[in-house]
Amino acid sequence: MGPESLEAKQAAAIEEILKAYPEKAAKNRAKHLGVGTPEDESQKTCGNVRSNKKTVPGVMSQRGCAYAGSKGVVWGPVKDMIHISHGPIGCGQYSRAGRRNYYIGTTGVDTFVTMNFSSDFQEKDIVFGGDKKLTKCFEEIDALFPLNNGITVQSECPIGLIGDDINATSKVYAKQTGKTIVPVNCEGFRGVSQSLGHHIANDTVRDYVFEGNVQTLGEPVAVTEYDVAIIGDYNIGGDAWSSRILLEEMGLRVVAQWSGDATLKEMALTPKVKLNLLHCYRSMNYISRHMEKEHGIPWIEYNFFGPSQTIKSLRKIAAFFDASIQAKCEEVIAKYQPMIDAVTAKYRPRLEGKTVMLFVGGLRPRHVIGAYEDLGMEVIGTGYEFAHDDDYKRTKDEIFRSTVIYDDVNEYELEAFVKKLQPDLVASGIKEKYVFQKMGLPYRQMHSWDYSGPYHGYDGFAIFAKDMDLAINSPVWAHSKAPWDKAVEA
Amino acid sequence: MQEVENIVNGQKLFQRPEYKEVLKKKKEFEGGYGAVNPAKSAEIAEWTKTWDYREKNLAREAITVNPAKACQPLGAVMVALGFEDTMPYVHGSHGCVAYFRSYFTRHFKEPTPCVSDSMTEDAAVFGGLANMKDGLKNCAALYKPKMIAVSTTCMAEVIGDDLYAFVEAAKEEDGGEFLPKEFPIPYAHTPSFVGSHITGYDNMMMGIMQQLTEENKGETKERINIIPGFETYIGSLRSVKSIVEAFGANYIMLGDHSDQWDMPAGEYSMFSGGTKIADAKDCINSSATISLQKYATAKTMKMVQKRWKHKGGFSNPIGLKGTDEFVMKLAELTGNDVPSKLKIERGRLVDAMQDSYPYMHAKKFAIWGDPDFLLGMVSFLLEMGAEPTHVLCHNAPNGWEEEMRALLDTSPAKDSLHVWAGKDLWHMRSLLFTEPVDFMIGNSYGKELMRDTGTPLIYIGFPIFDRHHLHRYSISGYDGALNLLTWITNKVLDQLDEDTKGIATTDYFFDLIR
């Protein structure tokens, strides 16, 4: 089958899927679905899909909200601060410890990531306002958790609607105590997805960490020529750790992780690094651009999924530094190559030619394509929950040939695409997982690494390969069909 | 570095020397107490175990830490999924729905369909009518449900959207293409800042029962409505039905999600099982309604009893006594003798209780969960001679604390048994350090308590994210009580082995036979 016919088949699938919608919704969704072709210069984004627009009501979108983008993604993993879910009880409860942002610390004493702090709004707080309650929350937190290094206020929907002034309340308390208190107006109804929450949270880092008079503990950290920060790695399953080790082996000093296993001090140190390394572009490009503009720190994007991309990225990073780093970079690449060759030799024959459909968030819909290709697998459909045009432009560079692209795909569409394109593996989130497993399709959660990981770096790739093999070649999928079903098929 | 013949994930990878070194070096930049002053961390950690800390902790007025409750729409979604081909529809932002779906899916390991109408900032200003008009239409067109059950997020409640008017307007505008006039769209206001998930259950259940039956009052039928409540044990729903069926009773289970969250592999269909819409429309004409969860159906049952004048009332079939009462109630309502099947089941349960009692007797338990769950569970613990030392209900409605106290007062150990209404799991942490127990019974949130206090956790409750398939079992009826007995007794025995396995020190007590 040539690429043209594949493309035609893919376009036909989109056409047919759109038929189920009422007219207005079909018109809207048509703009979010497309066939991306790497060589087609006329495509402004991948498949010319439109993105970062309002979700069509009533369609079972997989998207989250601004609060999820701020509390769940950017701020939540900062381990030595306490993050208050400010408003009713649900948001904090549903998002508690769901992202596997690994960290080291004594939880409840000097670190707090997997806990849930909520101001648990009641009707009287809605009616009379919750600012006094918020102050009381600050006081109680400092009394009972004296080793916290700061507090953030993660606004839930009602806060912005009832006219509370969390900014003033936070400012007063910060002034009284000298502590870092960060109010974040990330109400869930703002924007169209998690994405605006990332941006809002980035802005509060700028305003309250960089421009705030942050007091940090311990010795001052002297600057070196080789200081870098990892930006946009949430240390899911330990991803930032298996990335950090490579950077350190090539002679760089990783001063900060944003924000998996991060501390306030690391964030405060970042405006002095030589280079910012940006993994999740979507969620942290804002603060990277800010540091570039205000502090003169360049940033580069990198990709630590799969050896091909990892090698490319390591060299790209090394190129920024002197010959000694570049030499060590080559040593690192050489050191790991035999292990990677062995992993590929073991798993590639078991996975060669298998096809994958992805639907994830942030960076993964494009970043993991190379890792699959390293295993001989092909991504035949991909899309993002909350991407913008610039993400889709970058996606175009990663796809191998014509690929179905779906922005803000909903349950109906994803199910229909999978049925039409028949991939060997679906890789998405928890909400979709069991839909496809019911159909007997191998599945991996690619938000949480399905409780495995890390997947970043060389060590992570070995786990990735093993997990994909586990999913695709498990005997369990063969059990769906009962022995007495054979007659029917014949 | 990984070895190809022994690829390990993070659990073991980060224990390797090269990673230990990486993590050690990272501390140089951290500035947290764990990095700069570990002694201080250790000191505070010790302080959190003291009575002094407990008193300060219990005096908290504003901040909730590690809650054991969720918000209203979660309960509304559960109700909707208990009806035939019904799509839960949450009027508000889609972030909430993503959370409800993830939360249930992580517990049941099953898909959880639910839509929202994706309200954003403009809806916050102008109201969500336009979203509702498009949302109901799109939902009906794509997923072809037989009913759409509308609940609300706190955003819609704060701006004061009028659901009745919106639903009518949506139908009007659609002109019958996707939403014919008779298409059932019951609704309920479910503000997250009032009550908890069980309040939302109550509101949505009442909304459906009231709105579907509005013009259907006819002749009363000898039939019993059963409302399970916010029941997360699929097996419990089946146990209850099997008890009712044993009486040969004509019945309708209102809100039966047992098939929805327990679909066989092979193919996926969005909806499965559930109360027939026709039955739901006729439930007003049943002669009796029994609710199995008093505090999760307070408003609904008020309507049923005051306005519909149904017989029945409340029954909580968890444990021996609770099941006996349920069985007696059915005998009374049906006029039938207790079937021999149930007599045998009861006999087997009692036999098992008499076999295992030494291991539960006088053991101290801490337990938390929803109010009705706790009443049933505590009753069972008392039936076994156990001591529920700390009974904590974060979402305790009015009247629950007194009822629980009265139940605990039936125990000879009553003076050392405590009720904690409206408290959270960080309170529980202090209680466990200062007044320790032998075992905890609760949901996955007990995991950190287990780690911090060393108290073994018996996983019974909701949500359970990190143990598999427990929700498939029953905790109701005689068979459910047998499951409880099995889980608890065997955890006691596991712990006994754990405590006595020391070679040449304690293993004289590492008995083969217990």
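Just so we're on the same page: letters track the sequence lines, and every chain starts at 1.
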Neighbour count >12 (heavy atoms, 6.0 Å) for atom NZ, A:K132: no
From the list A:K136, A:R244, A:M439, the residue making the most non-hydrogen contacts under 4.5 Å with chain B is A:R244
Between A:E411, A:K433, A:K346, A:K431, which residue shows the highest count of heavy-atom pairs closer than 4.5 Å to chain B? A:K431
Measuring heavy-atom distances to chain B, does A:K335 have an atom under 4.5 Å in its side chain, in its backbone, in both, or in neither? both
Please classify the contact between B:Y53 and chain A as side chain, backbone, both or neither, with a heavy-atom cut-off of under 4.5 Å. both
Can you tell which part of B:M87 gets under 4.5 Å to a heavy atom of chain A, answering side chain, backbone, both or neither? side chain
Which atoms of A:T114 approach chain B - backbone, side chain, both or neither, heavy atom under 4.5 Å: both
Counting only non-hydrogen atoms closer than 4.5 Å, does A:C137 touch chain B with its backbone (N, CA, C, O), its side chain (CB onward), both, or neither? both
Start with the C-alpha distance between B:H91 and B:D117, add both sets of side-chain angles, then the distance that settles side chain to side chain donor-acceptor pair (under 3.5 Å), and finish with yes or no. CA-CA 6 Å; B:H91 179 54; B:D117 49 20; 2.6 Å; yes
Any chance the side chains of A:Q62 and A:E432 put a donor and an acceptor closer than 3.5 Å? yes
Determine whether the side chains of B:N9 and A:W449 contain a donor N or O and an acceptor N or O closer than 3.5 Å. no
Output the option from B:P73, B:S196, B:P67, B:A42 having the highest count of non-hydrogen pairs under 4.5 Å with chain A. B:P67
Centre-to-centre under 6.0 Å for B:W426 and A:F145, is that the case here? yes
Pick from B:F465, B:Y89, B:F100, B:F104: which one has the most heavy-atom pairs with chain A under 4.5 Å? B:F100
Interchain contact, B:S93 with chain A, by part (heavy-atom threshold 4.5 Å): side chain
Using only heavy-atom distances, determine whether the side chains of B:T64 and A:S118 contain a donor-acceptor pair under 3.5 Å. no
Over 12 foreign heavy atoms within 6.0 Å of NZ, B:K109: yes
Checking B:V65 against chain A: side chain, backbone, both or neither under 4.5 Å from a heavy atom? both
Non-hydrogen atoms of chain A under 4.5 Å away: do they reach the side chain of B:A140, the backbone, both or neither? neither
Under a 4.5 Å heavy-atom cut-off, does chain A meet the side chain of B:S192, its backbone, both or neither? both
With a 4.5 angstrom heavy-atom cut-off, is it the side chain or the backbone of B:E28 that approaches chain A, or both, or neither? both
Polar side chain donor-acceptor pair, A:D80 to A:N149, under 3.5 angstrom: yes
Chain A heavy atoms under 4.5 Å from B:V4: which part of the residue, side chain, backbone, both or neither? both
Against chain B, label A:S242 side chain, backbone, both or neither, depending on which of its atoms sit under 4.5 Å from a heavy atom there. both
A:A143 versus chain B, heavy atoms under 4.5 Å apart: side chain, backbone, both or neither? backbone
Looking only at B:G195, B:A130, B:S41, B:P191, the option with the highest number of non-hydrogen pairs under 4.5 Å against chain A is B:S41
By a 4.5 Å heavy-atom criterion (distance strictly below it), what part of B:E18 contacts chain A: side chain, backbone, both, or neither? both
Interchain contact, B:D424 with chain A, by part (heavy-atom threshold 4.5 Å): neither
For B:V8, is it the side chain, the backbone, both, or neither that has a heavy atom closer than 4.5 Å to a heavy atom of chain A? backbone
Contact origin within B:K26 toward chain A - heavy atom pairs under 4.5 Å: both
Contact class of B:L23 relative to chain A, heavy atoms under 4.5 angstrom: side chain
Counting only non-hydrogen atoms closer than 4.5 Å, does A:V221 touch chain B with its backbone (N, CA, C, O), its side chain (CB onward), both, or neither? side chain
Of the backbone (N, CA, C, O) and the side chain (C-beta and beyond), which part of A:V56 lies under 4.5 Å from a heavy atom of chain B, both, or neither? both
Select one option (side chain, backbone, both, neither) describing which atoms of B:E267 are under 4.5 Å from chain A's heavy atoms. backbone
Return the orientation label for the B:F462 and B:H197 ring planes: parallel under 30°, perpendicular over 60°, tilted otherwise. tilted
Where on A:K466 is there a heavy atom nearer than 4.5 Å to chain B: the side chain, the backbone, both, or neither? side chain
Are A:D467 and A:Y455 linked by a side-chain donor-acceptor pair shorter than 3.5 Å? yes
B:E121 atom CD, over 12 foreign heavy atoms within 6.0 Å: yes
For the residue pair B:F108 and B:W261, does the interplanar ring angle fall in the parallel (under 30°), tilted (30 to 60°) or perpendicular (over 60°) class? parallel
